[in-house]
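Please see the structure below; I have some questions.
Residue numbers start from 1 in every chain, and the chains themselves are labelled A, B, ... in the order their sequence lines are given, proteins ahead of strands.
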Amino acid sequence: MSSQIRVTSTLSRQTEDFVPVSGNEVKMYVCGPTVQSPPHLGHGRAAVAFDMVRRYLSYRGYDVTFVRNITDVEDKIIAAAAETGETTEELSIRMAKAFSQAYDGLAVLDPDVEPKATEHIGEMLAMIERLIDRGLAYATDNGDVYFSVRSLESYGRLSGQDVDEMRAGTREIVGDLKHDAVDFALWKAAKPGEPAWDSPWGQGRPGWHIECSAMAERYLGETFDIHGGGTDLIFPHHENEIAQSEGANGTTFAKYWLHNGMVNLGGEKMSKSTGHLIELSEAIDLYGGAAVRLFYLRAHYRSPLEFSEALIDEARTALRRISGVLSRVDFSDHDAEPEVIDSFIEKMDDDFNTPDALGVVFETVREANRHLDAGEPAEPLAAAVAEMIDVLGIEVEDAEDGVSDLAQGVSAIVAELGVGEGETTVETLDRLLERRSVARAERDFATGDRIRDELGALGITIEDGPDGSQWHRR
RNA sequence: GGCGACGUGGCCGAGUGGUUAGGCACGGGUCUGCAAAACCUGUUACCCCGGUUCAAUUCCGGGCGUCGCCUCCA
């Protein structure tokens with residue numbers, strides 16, 4: 001491929017040529033969730049955004065190593081566990097499972113490594129000690145360790161924050177022990193009843209930011225290619241990660257910083273702390289994972305994205321156009337139309353412009369349908385559509401998926417008409433279609449329409465074409 | 001107050017210094033027993049005010065508005 005992948009990096013505030021640190025290898029670290037409550041649509045977007053990036057880079061021939069962490073020790077988890085009566089470990093495992101299931105529903109590929117904070121305390125302690133040795137961190141009498149923000153010249157580079165302009169943090173209750181209000185915790189002394197680990201400063205637990213620095217280094221090295229996460233993590237989380245890693249190592253941390261936009265509800269960001277959200281599993285159950293994924297990809301990953309039922313329904317309707325054309329033609333032995341793919345790559349190379357790339361997909365869908373309507377071959381076009389949506393991770397459902405759920409309703413219609421059950425629901429449906437064809441041939445449209453209407457009530461649409469009728473789920 | 005993003009047709013959403021994005025919705029048509037699907041076709045948009053230019057939705061300046069972050073967040 002001749003064109004060059006370009007990415008917009010938060011660090012440079014520019015769209016720059018993507019050149020990996022080392023040859024063909026791309027190392028990516030994406031901030032995963034704090035597993036404290038079930039995922040909402042915002043988490044899904046972040047996961048899909050970077051899954052798309054990962055899939056695309058692999059498609060373009062890079063050897064991608066993808067790490068996404070799980071934060072399983074944090075104030076909110078401790079508080080939530082106290083409420084449910086679980087241990088923090090039980091709660092975090094349960095929630096991690098909920099995330100994992102929802103990600104599966106969105107066809108998000110598993111990371112190559114999914115490290116947990118609690119399993120990397122040793123790496124964190126080592127990094128904190130290095131920071132103390134370098135004079136960038138200090139321990140307090142009570143056993144906290146803080147990063148000394150003003151000791152690091154470059155602090156604030158990612159977020160554009162000026163240390164003197166920052167409003168002093170109010171979150172740290174023990175803030176008066178800090179040398180400076182802007183300093184942040186690397187290690188927190190244990191309070192009674194909280195999970196704690198041994199450290200040179202006594203029993204305690206890690207601060208939030210140190211885990212990502214430590215785990216990224218462990219699995220990707222001191223310097224790697226892409227660091228991703230939501231825009232809400234730019235400050236302080238990612239700013240602090242840079243401070244820790246570059247402070248401890250004196251080397252560049254991540255080369256490109258990519259941030260996905262927020263999902264809004266009623267014009268306001270979804271947020272788990274305020275409960276202003278739609279749960280991801282609920283949306284997947286209601287609309288289907290592929291429709292939710294398409295809903296995300298219809299906007300550029302960096303833009304804010306408003307959620308509404310109408311918008312996600314639109315995505316679902318649009319998805320049917322894709323599945324429709326793919327079911328019209330058997331393209332399994334055909335290569336994709338090269339011109340289409342070139343055009344797709346051109347759009348995707350431009351900072352993963354999925355809305356533009358989807359334009360190519362839908363143009364190709366129309367082109368393929370046009371050919372098929374004219375009785376001309378369309379296999380390379382259909383193959384191109386299939387290839388593109390595969391890169392985007394959009395999995396169209398098989399017409400037969402989930403049909404067995406309708407067995408009872410279908411049986412009722414069969415009994416009514418005395419058609420006879422098939423071995424499977426699919427077979428029974430086919431018999432009903434045959435019965436309908438016979439009726440229509442005899443110009444008994446009342447029976448034919450009745451079958452269509454009753455199946456319609458079950459969520460099955462019948463379409464009559466020149467080569468017979470087909471059914472599919474709505 | 002500081003940092004950043006953004007304002008495009010009925011809605012969503014790309015993009016561009018002069019040439020049809022795309023999707024959804026709606027109207028007309030082809031096809032069809034009817035319907036659906038598919039295809040054709042129509043609605044011709046760029047927040048406001050200045051400036052640069054032969055030409056600006058696109059560049060520059062100002063204004064208005066929206067959103068995110070400023071130590072919980074994807």
Side-chain angles (χ1 to χ4, degrees), chain A residues 10 13 30-34 36 39-50 74-76 79 149 156 159-162 164-172 175 181-185 207-209 228-237 239-240 259-264 267-274 277 294-295 298-300 302-306 308 310-311 313-321 324-325 327-328 347 350 353-363 365-366 368-374 440 443 445 448-449 452-453 456 461-466 469-470 472:
Chain A
T10 307
R13 288 141 219 271
V30 174
C31 282
T34 302
Q36 140 220 339
H40 58 68
L41 279 165
H43 296 109
R45 186 182 191 195
V48 166
F50 293 105
E74 198 261 344
D75 293 13
K76 298 249 158 131
V149 165
S159 59
Q161 298 290 317
D162 179 337
D164 293 320
E165 296 285 345
M166 292 193 319
R167 293 178 181 175
T170 53
R171 185 171 170 247
E172 297 300 333
V182 295
D183 291 349
F184 61 89
W208 174 35
H209 318 294
T231 54
D232 54 351
L233 297 183
I234 294 171
F235 191 88
H237 186 53
E239 193 69 73
N240 291 351
H259 290 100
N260 66 275
M262 299 293 100
V263 177
N264 291 170
E268 253 176 72
K269 182 187 144 186
M270 279 195 195
S271 165
K272 68 184 165 193
S273 60
T274 57
L277 54 81
L294 182 58
F295 161 73
R298 273 162 36 109
H300 188 97
R302 281 188 292 110
S303 308
L305 174 60
E306 176 72 22
S308 78
L311 290 171
D313 258 337
E314 275 186 23
R316 199 150 68 132
T317 308
L319 188 63
R320 259 183 249 137
R321 271 177 73 67
V325 76
S327 67
R328 287 184 77 180
K347 311 295 190 191
D350 180 18
N353 193 335
T354 56
D356 217 357
L358 283 168
V360 176
V361 170
F362 286 106
E363 275 169 11
V365 167
R366 183 170 56 235
N369 276 322
R370 199 185 288 149
H371 279 243
L372 292 166
D373 284 358
R440 290 177 69 221
R443 305 196 69 77
F445 295 121
D449 290 350
R452 186 171 64 199
D453 292 346
T461 304
I462 291 178
E463 286 170 18
D464 302 323
S469 302
Q470 282 198 321
H472 65 85

Closest listed nucleotide, where the reference is the side chain of A:Arg370 and the choices are B:A74, B:U71, B:C40: B:C40
Shortest side-chain distance from A:Gln161, nucleotide among B:A37, B:C69, B:A74: B:C69
Touch class at under 4.0 angstrom, heavy-atom based, for A:Lys272 against every strand present: sugar-phosphate
Side chain to side chain donor-acceptor pair (under 3.5 Å) partners for A:Thr461, two or more places apart: A:Arg474
Any donor-acceptor N/O pair under 3.5 Å between B:C34 base and A:Asp464 side chain: yes
Identity of whatever pairs with B:G9 - Watson-Crick or G-U, under 3.5 angstrom: none
Listed nucleotide nearest any side-chain atom of A:Arg13, set B:A74, B:G4, B:A36: B:G4
Identity of whatever pairs with B:G61 - Watson-Crick or G-U, under 3.5 angstrom: B:C49
Toward the 5' end of RNA chain B, by each residue's nearest nucleotide, A:Glu306 or A:Arg440: A:Glu306
A:Phe235 vs A:Gly324, nearer the 5' end of RNA chain B by closest nucleotide: A:Gly324
Nucleotide-resolved protein contact map, nucleotides 14-30 of chain B, B/S/- at heavy-atom distance under 4.0 Å: SS-----BSBB------
Pairing nucleotide - B:U32, Watson-Crick or G-U, each distance under 3.5 Å: none
Any A:Met270 side-chain heavy atom under 4.5 Å of A:Leu41 side chain: yes
Parallel, tilted or perpendicular: ring planes of A:His209 versus A:His237, cut at 30 and 60 degrees: tilted
Residues which pass side chain to side chain donor-acceptor pair (under 3.5 Å) with A:Arg370, listed by chain and number, not counting sequence neighbours: A:Glu367
Which nucleotide in B:C34, B:G33, B:U71 has an atom nearest any side-chain atom of A:Phe445: B:G33
Touch class at under 4.0 angstrom, heavy-atom based, for A:Gly44 against every strand present: nothing
Test salt bridge (Lys or Arg N to Asp or Glu O under 4.0 Å) applied to A:Asp350 - qualifying residues, sequence neighbours left out: none
Base paired to B:G17 (Watson-Crick or G-U; both N/O distances under 3.5 angstrom): none
Assigned partner base of B:G27, Watson-Crick or wobble definition, under 3.5 Å: B:U41
Interatomic distance where CG belongs to A:Asn264 and C1' belongs to B:C67 [whole Å]: 7 Å
Donor-acceptor pair under 3.5 Å, A:Arg45 side chain vs B:A74 base: no
Salt bridge (Lys or Arg N to Asp or Glu O under 4.0 Å) partners of A:Lys272, counting only residues at least two apart: none
Side-chain heavy atoms of A:Val48 within contact of A:Asn260, under 4.5 Å: no
Residues in side-chain contact (heavy atoms from CB on, under 4.5 Å) contact with A:Arg328, at least two apart in sequence or another chain: A:Asn369, A:Leu372, A:Asp373
Sugar-phosphate, base or nothing in reach of A:Ser273, heavy atoms under 4.0 Å: base
Sugar-phosphate only, base, or nothing, as touched by A:Val263 at under 4.0 Å among non-hydrogen atoms: base
B:G4 - base-pair partner by Watson-Crick or wobble geometry, distances under 3.5 Å: B:C67
